[in-house]
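Below is one structure, written out as structure tokens; comments come after it.
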Amino acid sequence: MKQLQNYIDGRFVAGKREFPDINPADGTTIAQAGEADGELVDAAVEAARRALRGEWGRVGVLERAAALYRVAEGIEKRFEQFVAAEVCDTGKPAALAARLDVPRGAANFRVFADLIKTAGVEAFQTETADGREALNYAVRKPVGVVGIITPWNLPLLLLTWKTAPALACGNAVVVKPSEETPATATMLAEVIHEAGIPKGVFNLLHGFGPGSAGEFLTRHDGVNAITFTGESKTGAEIMKACAPAVRPVSFELGGKNAAIVFADCNFDETVNGLAEAVFMNTGQVCLCAERVYVERPMFERLVDALKRKAEGLKAGWPMETTTTLGPLISAQHREKVLSYYKVARDEGATVVTGGGVPVFGDARDHGFWVQPTIFTGLAEAARCVKEEIFGPVCHVRAFDTEEEAVAMANDTRYGLAASIWTTELNRAHRVARQMNAGITWVNCWFLRDLRTPFGGVGLSGIGREGGMHSLNFYSELNNVCIRT
Ligand code: NAD
Ligand code: 6OH
């Protein structure tokens, strides 16, 4: 059986205990990963600190950017292997991994290499009361050792989204991918090794959260900042762990995202876009729309079209090209999603389609599949309208006025991403500006320009990453003020 090891100080290191890496399509164990204990976490952080004091601490921006380019190329050289590993770990359709996860893994390195080369700093000429002047300019320095903790839904995409800018800014990193998806992180360590990045600059720890590598990393005195993507309640725990040392955090957390569909929308494009927004990656994207609000005259037609989309998804073996829907990540996550399917029925929902578990009559019956599901008829206060489910499911509700739609969309403790579907330009601008969210898409969803601010409000996170926002989190600015 394949062994997935930690990567510390330029060497692959086994863990003292192993845990299984399971393929969610059929429940089989595909590899064993070595869990990092406290000692290995110490070793990784110490290696990172040494790297900062050594060669990496003296490497200039151009050389760092060149190293990031080599990593991007290394990912592309092993493109098919990355796709296969991501597919085995997550069960997502290979077509999706090949279109989204793996290309973004490479793009993240290129974008931040380009950005760090072109990023300027602030400068101000200051007039002083005595008629003289001062010149202020900011110097960008690495934060130090950055701890990076990521989830299982877009494993390579999210790990590289944080690793690339952290390295671009000259930091050393200790990364802890999700215990559900250790494979592509291990391959990334191999690519980074081959790219000739000095030892200790990138360290990889496998393991869990509480009482394991994740928690140890967040509590470690040698770590200068933590960047985390995952559940809001995990974010709260990490904040507590970081509080005593006032370690800065950047959080991209959960969502309960709304889509607002106006009757003047381009119907076909909207239905296609919504089908992606609700069902992509089996609904396991933090940006997925779990609440769809439709202007009343279009309600029946849209529910019917979305139902046909859901029923047209092909839950197949992930490597088959015709497959468009994968399983959920784990048995435990399926239990959670199915418990919400039950709660919705108990709360009085109408089940438009789905609501259960598909039966295949083959090994997929040992995997963690659920049917794509659409509910209507729930009150806005219902748990399934308020809580993040993170599955292929949405609730659709009719609205009568723009004000009502905006109020319902904003009535959430989360605030990550909204989407608005309309052909009326003024309305698009007016409604977009009112969204209480970090990201608002109009007539599209998950259309990404990596230079834009990315993050959420409320329970959806703290801070923004993307473009200069990432560079600012992963660096410290030292303002130099010179009397002239
Ligand atoms: P999770 O919070 O359970 O786990 C994420 C990571 O944190 C894993 O690596 C886990 O081992 C680690 N972890 C767990 N407890 C920890 C602790 N106490 N200390 C340190 N590390 C700990 O999240 P998940 O189930 O892997 O991912 C799904 C969630 O992530 C959803 O809520 C989803 O909305 C969110 N998400 C958000 C974004 C975003 O950009 N906003 C992106 C992807 C996923
Ligand atoms: C969450 O599941 C998706 C996050 C996406 C990004 O962080 C990104 O940069 O596109």
Side-chain angles (χ1 to χ4, degrees), residues 19 33 35-36 41 90 100-101 103-105 107-108 111-112 147-162 164-165 175-182 185 205-220 223 226-242 249-257 280-288 290 328-330 332-333 336-337 387-391 414-417 437-439 441 445-467 469-470:
F19 62 93
E35 183 183 0
V41 176
T90 60
L100 175 69
D101 302 70
R104 258 299 295 280
N108 286 337
V111 163
F112 287 106
I148 299 178
I149 301 176
T150 49
W152 44 258
N153 58 336
L154 304 168
L156 181 71
L157 186 158
L158 290 170
L159 183 60
T160 52
W161 175 238
K162 294 171 180 298
V175 310
K176 211 297 284 169
S178 169
E179 57 274 27
E180 308 283 359
T181 52
L205 301 172
H206 289 301
F208 303 81
S212 182
E215 185 187 345
F216 300 157
L217 188 59
T218 60
R219 294 195 181 281
H220 205 292
V223 172
I226 290 283
T227 176
F228 166 75
T229 297
E231 275 199 53
S232 303
K233 60 178 191 300
T234 312
E237 287 305 313
I238 292 177
M239 254 181 125
K240 278 190 235 161
C242 289
V249 294
S250 174
F251 284 169
E252 296 181 348
L253 307 175
K256 188 70 185 178
N257 309 302
M280 181 198 269
N281 210 40
T282 316
Q284 303 166 116
V285 179
C286 56
L287 310 161
C288 276
E290 291 191 0
L328 295 170
I329 190 69
S330 63
Q332 195 192 357
H333 187 52
K336 175 183 159 185
V337 171
E387 298 172 19
E388 182 187 52
I389 301 172
F390 220 55
Y414 291 101
L416 188 59
I439 304 144
W441 277 294
W445 174 80
F446 206 177
L447 196 168
R448 297 279 287 115
D449 179 324
L450 306 186
R451 299 167 297 185
T452 59
F454 186 95
V457 307
L459 284 184
S460 292
I462 295 180
R464 296 290 182 275
E465 296 191 36
H469 301 273
S470 296

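For ligands, and for the atoms within them, numbers begin at 1 and follow the listed sequence. It should be emphasised that the depicted structure is a prediction, and the values quoted were computed from it without experimental measurement.
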Where's the contact between Leu154 and ligand 2, heavy-atom distance under 4.0 Å: side chain, backbone, both or neither? side chain
Straight-line distance of Arg104 CZ to Leu156 CG, nearest 0.5 Å: 10.0 Å
Could you measure the distance from the CD atom of Glu35 to the OG atom of Ser212? Nearest 0.5 Å is fine. 3.5 Å
Which atoms of ligand 1 are found less than 4.0 Å from any heavy atom of Lys176? 8 (C), 9 (O), 10 (C), 11 (O)
Give me the residue, atom name and distance of the protein heavy atom closest to atom 6 (C) of ligand 2. Phe454 CZ, 3.4 Å
The answer for which part of Leu416 has a heavy atom under 4.0 Å from ligand 1 is side chain
Closest to atom 23 (O) of ligand 1 among protein heavy atoms sits Glu231 N, 3.5 Å
Provide, to 0.1 Å, the distance between atom 35 (C) of ligand 1 and the closest protein heavy atom, together with that atom's residue and name. Gly230 O, 3.2 Å
Just wondering, do Glu465 and Ser250 contact through their side chains at under 4.5 Å, heavy atoms? yes
Pull out every atom of ligand 1 sitting under 4.0 Å from any heavy atom of Ile149, numbered as shown with elements. 6 (C), 7 (O), 9 (O), 12 (C), 20 (C), 21 (N)
For ligand 1, is Gly456 a contact, meaning one of its heavy atoms is under 4.0 Å away? no
Is any side-chain heavy atom of Glu231 closer than 4.5 Å to a side-chain heavy atom of Phe390? no
Can you find a heavy atom in the side chain of Phe454 that is under 4.5 Å from one in the side chain of Ile439? yes
Of all the non-hydrogen atoms in the protein, which one sits nearest to atom 28 (C) of ligand 1, and at what distance? Phe390 CE2, 3.6 Å
How far is atom 24 (P) of ligand 1 from its nearest protein heavy atom, and which residue and atom name does that atom have? Trp152 NE1, 3.2 Å
Would you mind running through ligand 2 and noting each atom that sits below 4.0 Å from a heavy atom of Asn153? 1 (C), 2 (O)
If you compare Pro151, Gly209, Ala417 by their heavy atoms, the one closest to atom 16 (C) of ligand 1 turns out to be Gly209
Taking only heavy atoms of Glu179 into account, list the atoms of ligand 1 that are under 4.0 Å away from them. 8 (C), 10 (C), 11 (O)
If you measure from CG on Leu217 to NZ on Lys176, what distance do you get to the nearest 0.5 Å? 9.0 Å
Side chain to side chain, Gln284 and Leu328, heavy atoms closer than 4.5 Å: yes
Within the distance-only criterion (no hydrogens, no angle test), does the side chain of Thr218 pair as donor or acceptor with the backbone N or O of Ala241 below 3.5 angstrom? no
Which of these, Ala417, Cys286, Cys288, has its nearest heavy atom closest to atom 1 (C) of ligand 2? Cys286
Would you say that Ile329 contacts Asn153 through its side chain, given a criterion of any heavy-atom pair below 4.5 Å between the two side chains? no
Does Trp445 reach the side chain of Cys288, with side-chain heavy atoms less than 4.5 Å apart? yes
State the atoms of ligand 1, each with its element, that fall below the 4.0 Å cut-off from a heavy-atom position in Pro177. 9 (O)
Between CD on residue Glu215 and OG1 on residue Thr234, distance to nearest 0.5 Å: 11.5 Å
Which ligand 2 atoms does Arg448 reach within 4.0 Å, using its non-hydrogen atoms? 8 (C), 9 (O), 10 (O)
For the pair Lys256 (side chain) and Glu387 (backbone), establish whether a donor and an acceptor sit closer than 3.5 Å, ignoring hydrogens and angles. yes
Protein heavy atoms: any of them under 4.0 Å from atom 26 (O) of ligand 1? yes
Give the atom numbers and elements of ligand 2 that come within less than 4.0 Å of a heavy atom of Arg104. 8 (C), 9 (O), 10 (O)
Under 4.0 Å to a heavy atom of Phe454 - the qualifying atoms of ligand 1, by number: 40 (O)
Check Phe208 against ligand 1 and report side chain, backbone, both or neither, counting heavy atoms closer than 4.0 Å. backbone
As an exercise, identify every atom of ligand 2 less than 4.0 angstrom from a heavy atom of Glu252. 7 (O)
Can you spot which of Leu450, Thr229, Leu154 makes a side-chain contact (heavy atoms from CB on, under 4.5 Å) with Trp161? Leu450
Sub-4.0 Å atoms of ligand 1 with respect to non-hydrogen atoms of Glu215: 19 (N), 20 (C)
Kindly confirm or rule out an N or O of Glu388 lying under 3.5 angstrom from an N or O of ligand 1. yes
Geometric N/O contact Ser460 with ligand 1, under 3.5 angstrom: no
Atoms of ligand 1 less than 4.0 Å from Cys286 heavy atoms? 34 (O), 36 (N), 37 (C), 38 (C), 39 (C), 40 (O), 41 (N), 42 (C), 43 (C), 44 (C)
As an exercise, identify every atom of ligand 2 less than 4.0 angstrom from a heavy atom of Val285. 1 (C), 2 (O), 3 (C)
Nearest non-hydrogen protein atom to atom 20 (C) of ligand 1, with distance, is Gly214 C, 3.3 Å
Contacts of Phe251 meeting side chain to side chain contact (heavy atoms under 4.5 Å, CB included) (sequence neighbours excluded), chain-then-number -> Phe228, Ile238, Met239, Val249, Leu253, Ile462
Counting heavy atoms only, which of Thr150, Ile238, Thr234, Val175 comes nearest to atom 6 (C) of ligand 1? Thr150
Nearest protein heavy atom to atom 37 (C) of ligand 1, by residue and atom, and its distance? Leu253 O, 2.9 Å
What do you reckon, is NZ of Lys233 surrounded by more than 12 foreign heavy atoms closer than 6.0 Å? no
Using ring pair (Phe, Tyr, Trp, His ring centres under 6.0 Å) as the criterion, list what pairs up with Phe19, not counting sequence neighbours. Phe208
Can you tell me how far the CD atom of Glu252 sits from the OG atom of Ser460, to the nearest 0.5 Å? 10.5 Å
Counting each atom of ligand 1 from 1 as listed, which ones have a heavy atom of Asn153 under 4.0 Å away? 43 (C), 44 (C)
